[in-house]
Enquirer: 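So that we are looking at the same thing, I have put the structure below in structure tokens.
Note on naming: letters A, B, ... go to the chains in the order of the sequence lines (proteins, then strands), and numbering restarts at 1 for each one. Side-chain atoms are counted along with the backbone in the values below, which use heavy atoms only and exclude waters and symmetry mates.
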Number of protein chains: 2
Amino acid sequence: MEKQDLKQVGLKVTQPRMKILELLETIDKRHVTAEDVYKMLLQRDEVIGLATVYRVLTQFEAAGLVVRHHFEGGQSVFELAQDEHHDHMVDLKTGKIVEFYDEIIEKRQKEIAKEHGFKITDHALILYGRFEEE
Amino acid sequence: MEKQDLKQVGLKVTQPRMKILELLETIDKRHVTAEDVYKMLLQRDEVIGLATVYRVLTQFEAAGLVVRHHFEGGQSVFELAQDEHHDHMVDLKTGKIVEFYDEIIEKRQKEIAKEHGFKITDHALILYGRFEEE
DNA sequence: ATGTATGCAAAACATTTGCACCTGG
DNA sequence: CCAGGTGCAAATGTTTTGCATACAT
């Protein structure tokens with residue numbers, strides 16, 4: 001139930017916000033740019049200004065509903081927040097993105113931060129490369 | 001001997017390229033944006049167009065002389081390539097960057113990639129947060 | 001000489017913002 | 001009704017490019 005989600009994070013339930021959240025929840029391509037969202041909405045005959053898409057995604061990020069990534073290639077990439085943190089493998093040729101999670105790496109990160117008196121607020125581990133031919 | 005470096009990677013030895021490489025080798029702030037480089041050169045009375053700085057840094061990256069990072073905050077950050085790979089801790093308040101290397105994490109990354117049939121060409125592990133007051 | 005590099009200004013992007021108008025509660 | 005949200009166009013900030021000129025070999 002999305003209306004709840006929005007209210008819970010203190011955002012007024014508006015048409016654009018609902019539509020964008022709905023889109024993010026129903027596409028299979030989990031990682032999208034603001035422009036992807038804008039265009040996908042158009043395909044669904046939902047006309048929402050690109051500026052609004054940016055504003056809404058930024059608000060969603062602040063609210064913890066989505067996560068913003070800074071992969072290579074200029075554009076920010078957004079994905080719906082999940083309960084569990086995870087990292088990414090990005091195929092530089094196809095753009096394919098696979099998520100993974102590794103307990104050992106997570107643990108080491110915390111230990112290393114501690115050793116340096118560093119308080120982690122966020123972290124990103126990205127492997128760039130190519131998936132073997134499928 | 002920098003002249004060698006440039007020739008070795010197939011770049012003509014020009015004034016701007018030499019000056020930029022020289023700068024990167026002598027500053028203590030290892031991580032700089034193109035604009036940082038541009039301004040630091042001005043301080044040394046070396047006037048090199050910002051466009052040239054971008055072009056040269058991009059060429060250096062292609063040649064493997066420098067590494068380009070996409071940290072949060074829009075601008076690309078460059079650093080002189082080192083023999084050994086390393087990761088980063090970025091202080092979001094002060095901009096302070098500390099490098100680290102962890103054998104265990106590196107090993108796990110390779111294992112995970114293998115499990116997914118993924119060939120790593122590059123990877124980036126960045127911890128964002130704050131260093132404890134110093 | 002001559003192919004490549006540079007500087008400058010303009011273009012190209014991604015993202016943000018100002019402001020008049022619309023909308024949700 | 002009215003604070004807050006949206007659309008559009010214009011502004012911003014970063015990086016790239018076109019083109020005439022300058023430079024390295």
Side-chain angles (χ1 to χ4, degrees), chain A residues 1-23 31-42 44-63 65-78 95, chain B residues 1-23 31-42 44-63 65-78 95:
Chain A
M1 220 302 109
E2 303 91 28
K3 280 199 183 182
Q4 308 280 32
D5 295 350
L6 290 178
K7 275 183 188 153
Q8 266 171 20
V9 298
L11 291 176
K12 195 184 277 187
V13 180
T14 65
Q15 200 76 17
R17 284 177 187 153
M18 287 287 285
K19 295 299 179 189
I20 291 173
L21 189 50
E22 220 169 285
L23 179 86
H31 304 81
V32 290
T33 64
E35 203 168 350
D36 287 339
V37 171
Y38 173 73
K39 285 181 181 163
M40 287 168 142
L41 286 170
L42 282 187
R44 296 186 177 196
D45 290 310
E46 306 288 357
V47 182
I48 298 178
L50 183 55
T52 299
V53 172
Y54 272 107
R55 271 186 292 233
V56 169
L57 287 175
T58 301
Q59 291 159 349
F60 282 5
E61 184 196 10
L65 291 178
V66 307
V67 178
R68 181 196 300 245
H69 298 289
H70 299 87
F71 297 153
E72 293 188 4
Q75 281 127 301
S76 291
V77 173
F78 300 84
Chain B
M1 223 296 116
E2 304 90 28
K3 279 198 185 182
Q4 308 279 33
D5 295 348
L6 289 178
K7 275 183 188 153
Q8 267 171 19
V9 297
L11 290 175
K12 195 183 276 184
V13 180
T14 65
Q15 202 74 18
R17 284 179 186 151
M18 288 286 286
K19 294 299 179 190
I20 291 173
L21 188 50
E22 220 169 285
L23 179 85
H31 303 81
V32 289
T33 64
E35 202 168 352
D36 286 340
V37 170
Y38 173 72
K39 285 181 182 163
M40 287 168 141
L41 286 169
L42 283 187
R44 295 185 177 197
D45 291 310
E46 306 288 357
V47 181
I48 298 178
L50 182 55
T52 298
V53 172
Y54 272 106
R55 270 187 293 235
V56 169
L57 287 175
T58 301
Q59 292 159 349
F60 282 5
E61 183 195 10
L65 291 178
V66 307
V67 177
R68 182 197 299 247
H69 298 290
H70 299 86
F71 296 152
E72 292 186 5
Q75 281 127 300
S76 291
V77 173
F78 300 84

Enquirer: I want to check one thing: is the phosphate of C:dT15, taken as OP1 and OP2, less than 4.0 Å away from some side-chain N or O of A:Y54?
Expert: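 Checking A:Y54 against C:dT15: at least one side-chain N or O falls below 4.0 Å of OP1 or OP2.
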
Enquirer: May I have the distance from A:R68 (atom CZ) to C:dA14 (atom C1'), rounded to whole angstrom?
Expert: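 Going from CZ in A:R68 over to C1' in C:dA14 covers 11 Å.
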
Enquirer: Not counting sequence neighbours, which residues clear side chain to side chain donor-acceptor pair (under 3.5 Å) with B:T14? List them please.
Expert: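 So B:T14 forms no side chain to side chain donor-acceptor pair (under 3.5 Å) with any residue.
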
Enquirer: If the condition is side chain to side chain contact (heavy atoms under 4.5 Å, CB included), which residues does B:K39 pass it with, not counting sequence neighbours?
Expert: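 If we apply the side chain to side chain contact (heavy atoms under 4.5 Å, CB included) test to B:K39, skipping adjacent residues, the hits are B:E35.
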
Enquirer: Roughly how many Å is it from CZ in B:F78 to P in D:dT14, rounded to a whole number?
Expert: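 From B:F78 CZ to D:dT14 P: 13 Å.
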
Enquirer: Which whole-number value in Å describes the distance from B:K7 NZ to C:dT4 P?
Expert: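 From B:K7 NZ to C:dT4 P: 17 Å.
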
Enquirer: For the residue pair B:F78 and B:D36, establish whether any side-chain heavy-atom pair is separated by less than 4.5 Å.
Expert: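 Counting from C-beta outward, B:F78 and B:D36 never come under 4.5 Å.
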
Enquirer: Rounded to whole angstrom units, what separation is found between the CD atom of A:E72 and the P atom of D:dT14?
Expert: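 A:E72 atom CD is separated from D:dT14 atom P by 20 Å.
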
Enquirer: Roughly, in whole Å, what's the span from CD in A:E35 to P in C:dT16?
Expert: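 Between P of C:dT16 and CD of A:E35: 14 Å.
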
Enquirer: Does the protein touch nucleotides 3-13 of chain D at the base, only the backbone, or not at all? Give it as B, S and - per nucleotide, heavy atoms under 4.0 Å.
Expert: BSSSBBB----

Enquirer: Which residue pairs pass the salt bridge (Lys or Arg N to Asp or Glu O under 4.0 Å) test when at least one of the two sits in residues 51-63 of chain A, sequence neighbours left out?
Expert: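 Every pair satisfying salt bridge (Lys or Arg N to Asp or Glu O under 4.0 Å) with a residue in residues 51-63 of chain A: A:E61-A:R68.
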
Enquirer: Pairs under 3.5 angstrom only: tabulate donor-acceptor contacts from the side chains of residues 69-77 of chain B to other protein residues two or more places apart or in another chain.
Expert:
| residue | atom | partner | partner atom | Å |
| --- | --- | --- | --- | --- |
| B:H69 | NE2 | B:E79 | OE2 | 2.6 |

Enquirer: How long is the gap from CD on B:E22 to CG on B:L41, to the nearest 0.5 Å?
Expert: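 The CG atom of B:L41 is 9.5 Å from CD of B:E22, to the nearest 0.5 Å.
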
Enquirer: Does D:dT14 have OP1 or OP2 under 4.0 Å away from a side-chain N or O of B:S76?
Expert: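 Result: no.
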
Enquirer: To the nearest angstrom, how far is B:K39 atom NZ from D:dT14 atom P?
Expert: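 Nearest whole value for this atom pair: 9 Å.
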
Enquirer: Distance check needed: C:dA5 C1' versus B:K19 NZ, whole Å only.
Expert: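 After rounding, the reported distance stands at 16 Å.
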
Enquirer: How long is the span from the CG atom in A:L65 to the CD1 atom in A:I20, to the nearest 0.5 Å?
Expert: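 So the CG of A:L65 and the CD1 of A:I20 are separated by 12.0 Å.
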
Enquirer: I need the CE-P distance between A:M18 and C:dG24, as an integer number of Å.
Expert: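 Distance check: A:M18 CE to C:dG24 P gives 11 Å.
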
Enquirer: Looking at five pairs on each end of the helix from C:dA1-D:dT25 to C:dG25-D:dC1, what is the angle between the two axes, given to 10 degrees?
Expert: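 Helix axis angle between the two ends: 30°.
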
Enquirer: Taking the side chain as every heavy atom from C-beta outward, state whether A:L42 and A:V47 have any pair of such atoms under 4.5 Å apart.
Expert: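 Side chain of A:L42 against side chain of A:V47, heavy atoms only: contact under 4.5 Å found.
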
Enquirer: Would you say that B:F60 contacts B:L6 through its side chain, given a criterion of any heavy-atom pair below 4.5 Å between the two side chains?
Expert: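 Touching, per the 4.5 Å side-chain cut-off.
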
